[in-house]
Amino acid sequence: DLLHIAPDYGMTPESNRWEHIQALPAHQFRRLTGVKTATFTLMVEIVQAAETSKKKSGKPHKLSSEDRVLLALEYLRDYPTYLRLSVNWGVHESTAKRIQNRVENLLMNDQRFHVLGKKRLLEHPELDVVVVDASERPVEKPKKINVSSTVVRRSSTP
């Protein structure tokens with residue numbers, strides 16, 4: 001079973017990754033997650049507020065709020081497959097997808113992380129520059145081989 005493979009960083013799937021990462025200096029934390037510690041703390045507060053406002057039923061979360069935000073940030077930063085996320089975090093593949101989608105939706109719906117649309121950006125003349133990350137990644141696909149070959153047609157008569 002893939003969940004029993006030890007994930008990156010030499011940790012077991014059950015360990016709390018947040019406990020290991022919070023001790024990092026600010027510049028290394030940002031390099032790893034892509035956000036500042038203050039922004040990360042705000043993200044965790046939003047996720048925790050959504051949990052406390054909702055009636056708790058069912059099984060408790062296997063990952064802490066901090067770890068769920070880290071999982072979502074890892075997905076948004078590196079775009080690994082959900083299988084890789086599931087192995088790294090010790091959860092099922094569908095759970096990794098559900099966590100990532102839920103955290104992303106919670107953050108998008110909060111006004112502090114809401115990105116303005118094109119019309120709203122044009123209404124604000126005080127904004128001189130808008131930076132958009134539109135970097136591309138090469139797609140790995142098989143190369144086409146140009147081999148001169150003769151196409152043989154099948155005759156309809158035997």
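Contact annotation: the side chain of Arg77 never approaches that of Thr33 to less than 4.5 Å [non-hydrogen atoms, C-beta and beyond]. Residues Trp89 and Leu70 meet the side-chain proximity criterion, which asks for heavy atoms closer than 4.5 Å. Contact annotation: the side chain of Asn101 never approaches that of Arg98 to less than 4.5 Å [non-hydrogen atoms, C-beta and beyond]. For the pair Leu76/Gln100, a side-chain contact is recorded, criterion being any heavy-atom separation below 4.5 Å from C-beta on. Under the 4.5 Å side-chain criterion, counting only non-hydrogen atoms from C-beta, Glu66 is not in contact with Val47.
Nearest heavy-atom pair across Ala96 and Leu71 is O-CD2, 3.7 Å. Contact between Leu106 and Ile46 at its shortest, heavy atoms only, is O-CG2, 4.0 Å. The minimum heavy-atom distance linking Val103 with Ala72 is given by the pair CG1-CB, 3.6 Å. A pairwise comparison of heavy atoms in Arg68 and Leu63 identifies NE-O, 3.2 Å as the closest pair.
Listed by chain and residue number, Tyr79, Tyr82 satisfy the ring-ring contact (aromatic ring centres under 6.0 Å, His included) test with Tyr75 (two or more places apart in sequence, or in another chain).
Residues in residues 101-110 take part in these salt bridge (charged side-chain N to carboxylate O under 4.0 Å, His left out) pairs, two or more places apart or across chains: Asp110-Arg112. For the ring pair (Phe, Tyr, Trp, His ring centres under 6.0 Å) condition, the pairs that include at least one residue of residues 36-58, sequence neighbours left out, are Trp18-Phe40, Phe29-Phe40.
A donor-acceptor contact shorter than 3.5 Å links the side chain of Lys62 to the backbone of Gly90. Remark: the backbone N or O of Gln48 is paired with a side-chain donor or acceptor of Thr52 at under 3.5 angstrom.
Expressed to the nearest 0.5 Å, how far NE2 of His92 lies from CD1 of Ile99 amounts to 12.5 Å. Between Leu24 atom CG and Thr37 atom OG1 the span is 10.5 Å, to the nearest 0.5 Å.
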Can you list the steps and then say if Met43 with Leu73 is a side chain to side chain contact (heavy atoms under 4.5 Å, CB included)? CA-CA 10 Å; Met43 290 175 167; Leu73 289 174; 4.1 Å; yes
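Under 4.0 Å is where a charged nitrogen must lie from a carboxylate oxygen, and between Glu74 and Arg84 no such pair does.
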